[in-house]
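Step one of this worksheet: look at the structure below.
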Amino acid sequence: MSATTASAATSAHVDAVKALGTALQNQMLADKASAALPSSEKETLAALAHQAVICGIDYASHGLGWDHPQTRLDYRRAVGSSFASRASLARQAKSRAAIAALSERLGGLGGGQLDEAR
């Protein structure tokens with residue numbers, strides 16, 4: 001792996017851990033959970049947290065008639081009233097709690113123990 005490739009990979013992993021911390025509202029927990037995961041799984045967990053917590057819309061409550069995002073960019077940026085509705089905020093909180101619980105379990109497997117636990 002070249003130095004440039006390694007640097008880009010390291011930057012992506014740092015960004016993933018920061019994004020997970022933002023979604024969980026707990027950077028220390030994100031750091032502990034990430035220590036137990038291979039690089040690609042850190043990015044996957046961060047993407048899942050972003051999707052469920054930052055971009056969480058309670059479609060079951062809103063249905064099709066609600067003001068949902070019109071573009072992929074609006075959705076990625078969580079722009080629109082459906083993200084901030086009471087039902088969506090409750091769904092985001094529930095998702096955050098579930099991913100935090102998973103992260104706490106992963107944090108107990110820190111230091112590369114996850115591969116051994118599989």
Side-chain angles (χ1 to χ4, degrees):
M1 182 183 300
S2 74
T4 302
T5 304
S7 176
T10 300
S11 177
H13 305 312
V14 168
D15 290 347
V17 175
K18 286 181 182 178
L20 179 59
T22 298
L24 295 177
Q25 297 176 343
N26 187 333
Q27 191 60 52
M28 189 181 313
L29 179 57
D31 293 340
K32 283 184 69 175
S34 296
L37 295 172
S39 298
S40 62
E41 292 177 10
K42 288 177 194 180
E43 294 172 20
T44 301
L45 183 58
L48 173 66
H50 181 80
Q51 174 70 30
V53 178
I54 307 300
C55 295
I57 296 174
D58 189 342
Y59 287 104
S61 295
H62 294 312
L64 297 175
W66 194 261
D67 181 25
H68 295 304
Q70 298 298 309
T71 68
R72 284 185 256 175
L73 188 55
D74 284 347
Y75 188 83
R76 280 188 217 123
R77 291 180 178 168
V79 173
S81 58
S82 55
F83 294 103
S85 72
R86 182 172 290 149
S88 291
L89 292 174
R91 179 173 176 89
Q92 292 164 14
K94 186 175 179 180
S95 296
R96 180 180 293 110
I99 295 171
L102 170 64
S103 296
E104 287 174 13
R105 292 192 66 199
L106 290 170
L109 298 173
Q113 297 174 20
L114 186 60
D115 289 329
E116 297 168 15
R118 288 184 180 166

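Bear in mind the structure is a predicted one, so any value in this text is a computation, not a measurement. As a basis for the values below, the full set of heavy atoms in this structure was taken, side chains included, without hydrogen atoms, waters or symmetry mates.
In this structure, S88 and H62 have side chains that are in contact, with non-hydrogen atoms separated by less than 4.5 Å.
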Requested in this report: Mind running side chain to side chain contact (heavy atoms under 4.5 Å, CB included) on L45 and S103 for me, showing each step along the way?
Outcome: CA-CA 9 Å; L45 183 58; S103 296; 4.1 Å; yes
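Between Q92 atom CD and C55 atom SG the span is 8.5 Å, to the nearest 0.5 Å. In this structure, S85 OG and R91 CZ are separated by 11.0 Å, a value rounded to the nearest 0.5 Å. Between the CD atom of E43 and the CG atom of D15 there is a distance of 9.0 Å, given to the nearest 0.5 Å. In this structure, CG on L48 lies 9.5 Å from CG on L20, to the nearest 0.5 angstrom. Between the CG atom of L89 and the CZ atom of R96 there is a distance of 9.0 Å, given to the nearest 0.5 Å. Note that the CD1 atom of I99 and the CG atom of L24 stand 7.0 Å from one another [nearest 0.5 Å].
The same ILVMFWY cluster, assembled from side-chain heavy atoms under 4.5 Å apart, contains both L29 and L106. Hydrophobic cluster membership differs between I57 and V79, with clusters built from Ile, Leu, Val, Met, Phe, Trp and Tyr side chains linked at under 4.5 angstrom.
Between I54 and F83, the closest heavy-atom pair is O-CD2, 4.1 Å. When all heavy atoms are compared, the tightest approach of A46 to A16 is CB-O, 3.2 Å. Minimum interatomic distance between H50 and A23 (heavy atoms only, all atoms of both residues): N-CB, 4.5 Å.
Under the side-chain hydrogen bond (donor to acceptor under 3.5 Å, both in side chains) criterion, S95 pairs with no residue at all, not counting sequence neighbours.
Sequence neighbours left out, the pairs with a member in residues 19-31 that pass side-chain hydrogen bond (donor to acceptor under 3.5 Å, both in side chains) are Q27-D31.
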